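Working notes, beginning with the structure itself.
Predicted model, so just to flag it, every value in this text is computed and none were measured. Numbered from 1 within each chain, the chains take letters A, B, ... in sequence-line order.
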2 protein chains.
Amino acid sequence: MKIAQVSEQFGISPDTLRYYERIGLIAPVNRNDSGIRDYNEGDLRRVEFIKCMRSAGLPIEVLIEYVNFVQQGDQTIDARREILRQQRHLLAARIMEMQKTLDVLDHKIEVYEKAVLKRERELMHIEDQGE
Amino acid sequence: MKIAQVSEQFGISPDTLRYYERIGLIAPVNRNDSGIRDYNEGDLRRVEFIKCMRSAGLPIEVLIEYVNFVQQGDQTIDARREILRQQRHLLAARIMEMQKTLDVLDHKIEVYEKAVLKRERELMHIEDQGE
DNA sequence: GTATCATCTGGAGTTTACTCCAAGTCAAGG
DNA sequence: CCTTGACTTGGAGTAAACTCCAGATGATAC
């Protein structure tokens, strides 16, 4: 699969895909005879994983460390699991914080809606008086 | 309340607090005779609100627009509510995306834990044979 | 009264994560 | 054969949000 299609499929620009490869976030992708990237299934799975993690805000640096460990084989399983655990922890905390903010927003929106209703009632009142 | 205490209370550096004021994210804070900031209750509430919104990732630009509307008084209530609604929508979407990633992480961690158990069982097996 | 400390300002520097660009190569269509 | 278009590279540029700094000032501790 060529880079344009991968870009399409995951909503990541070709520039970003090449950038990820350059910095070692995605292992080097196979090329065809003329040096053009041809993503295989493994590449696609890796891209999808990175897309998922990045969309939740996991830092590139941490992900590079993780994929480096993956490439070093089974003796790094403990280290990898620790990275994932730590990131899971941070992510859960961020979700909770965002949920709090969501509640605050909901409350504020509600207040604004009441304010609008109140103003509308007042306007009607003025019209009533006007009639 | 002086800037160092505010910084302490909200976990925002003095530099950031001054920066927020400079860019109009927080209204100018009152100063004492020697020109030093003295945050009053209103200031503190505004700082807390900004802290909350920023911690959930709402862009500074949007928040500046919002606080500008607040300063323009009641005729901007509709606009303000619309900003909050839109940001609420975006935030909810981000939370859902992060929740998905959290699930993926949990699954991967579980797999790693099984892998470790498997390896441990194998090691024990080898020891059994060794005995 | 002087040394230290917190604060002030405007401006420059940093970090993270892309994003864009120029110049070059290759394959296919007319 | 020539043009068009997708792809390549290395490197430069950008955006957002801080973060740091130098130089000045004013207050506080001894």
Side-chain angles (χ1 to χ4, degrees), chain A residues 1-40 43-44 46-47 49-67 87 90-91 94 97-98 101, chain B residues 1-40 43-44 46-47 49-67 87 90-91 94 97-98 101:
Chain A
M1 196 183 255
K2 270 189 286 185
I3 201 166
Q5 285 173 277
V6 180
S7 165
E8 187 81 0
Q9 177 162 346
F10 294 106
I12 306 176
S13 83
D15 264 317
T16 301
L17 286 168
R18 282 189 286 260
Y19 164 69
Y20 283 171
E21 200 177 325
R22 226 191 315 177
I23 62 175
L25 181 52
I26 290 171
V29 172
N30 286 331
R31 311 299 184 93
N32 66 17
D33 294 355
S34 36
I36 286 173
R37 287 177 184 76
D38 184 18
Y39 290 76
N40 64 27
D43 297 325
L44 294 181
R46 284 184 279 275
V47 170
F49 174 68
I50 293 302
K51 157 81 179 178
C52 177
M53 296 301 122
R54 285 294 307 131
S55 75
L58 274 71
I60 283 183
E61 219 186 320
V62 171
L63 294 173
I64 289 176
E65 199 191 359
Y66 177 79
V67 304
Q87 293 304 313
L90 294 171
L91 180 54
R94 269 184 290 147
E97 193 147 36
M98 291 167 86
T101 303
Chain B
M1 195 182 257
K2 273 190 283 186
I3 201 165
Q5 284 173 277
V6 180
S7 166
E8 188 80 0
Q9 179 162 344
F10 294 107
I12 305 175
S13 83
D15 265 315
T16 300
L17 286 167
R18 283 190 285 261
Y19 163 70
Y20 283 170
E21 201 177 325
R22 227 192 314 179
I23 62 175
L25 181 53
I26 290 169
V29 173
N30 286 330
R31 310 298 185 96
N32 66 18
D33 295 356
S34 36
I36 285 173
R37 286 177 184 78
D38 185 18
Y39 290 75
N40 64 28
D43 296 326
L44 294 182
R46 285 185 278 277
V47 169
F49 174 68
I50 293 303
K51 157 80 180 179
C52 176
M53 295 301 122
R54 286 293 306 130
S55 76
L58 273 70
I60 282 182
E61 219 187 319
V62 171
L63 295 173
I64 289 176
E65 201 191 357
Y66 176 79
V67 304
Q87 293 305 313
L90 293 171
L91 180 54
R94 268 184 291 145
E97 193 148 34
M98 290 166 85
T101 302

Worksheet item: Considering residues at least two apart in sequence or located in another chain, which fulfil the side-chain contact (heavy atoms from CB on, under 4.5 Å) criterion with B/Arg94?
Response: A/Met98, B/Leu58, B/Leu91
Fill in: Any residue meeting side-chain contact (heavy atoms from CB on, under 4.5 Å) with B/Glu65, in chain and number order, not counting sequence neighbours
B/Phe69, B/Ile83
Item to complete: Please identify each residue that fulfils side chain to side chain donor-acceptor pair (under 3.5 Å) with B/Tyr39, with sequence neighbours left out.
Response: none
Worksheet item: Which residues satisfy the salt bridge (charged side-chain N to carboxylate O under 4.0 Å, His left out) test with B/Arg46, sequence neighbours excluded?
Response: B/Asp43
Discussion item. Without decimals, in angstroms, what is the distance between A/Asn30 CG and D/dT8 P?
Written reply: 13 Å
Discussion item. I'd like to check the salt bridge (charged side-chain N to carboxylate O under 4.0 Å, His left out) partners of A/Asp38; sequence neighbours left out, ordered by chain and number.
Written reply: none
Worksheet, complete the sentence: To the nearest angstrom, the NZ-C1' distance between B/Lys51 and D/dC18 comes to 14 Å
Worksheet entry | Euclidean distance, atom NZ of residue B/Lys2 to atom C1' of C/dC8 [Å, nearest integer] | 13 Å
Worksheet item: How does protein reach along nucleotides 10-21 of chain C, written 5' to 3' as B (base within reach of a heavy atom under 4.0 Å), S (only sugar-phosphate), or - (no contact)?
Response: BB-----BBBBB
Worksheet entry | Set of side-chain contact (heavy atoms from CB on, under 4.5 Å) partners for A/Gln5, sequence neighbours left out | A/Met1, A/Lys2
Worksheet item: When you measure from the side chain of A/Glu21 to the backbone N and O of A/Val29, does any donor-acceptor pair fall under 3.5 Å?
Response: yes
Worksheet item: OP1, OP2 of C/dC26 versus side-chain N and O of A/Arg31: anything below 4.0 Å?
Response: no
Worksheet item: Quick one: A/Gln5 CD to D/dA6 C1', roughly how many Å, whole number?
Response: 12 Å
Item to complete: Send over the distance from A/Glu21 CD to D/dG10 P, rounded to a whole Å.
Response: 11 Å
Worksheet item: With B/Phe49, which residues qualify under side-chain contact (heavy atoms from CB on, under 4.5 Å), at least two apart?
Response: A/Lys108, B/Met53, B/Tyr66
Worksheet item: Atom CD1 of B/Ile26 and atom P of D/dA17: how far apart are they, to the nearest Å?
Response: 14 Å
Fill in: Contact state string [nucleotides 23-30 of chain D, B base, S sugar-phosphate only, - no protein heavy atom under 4.0 Å]
---SS---
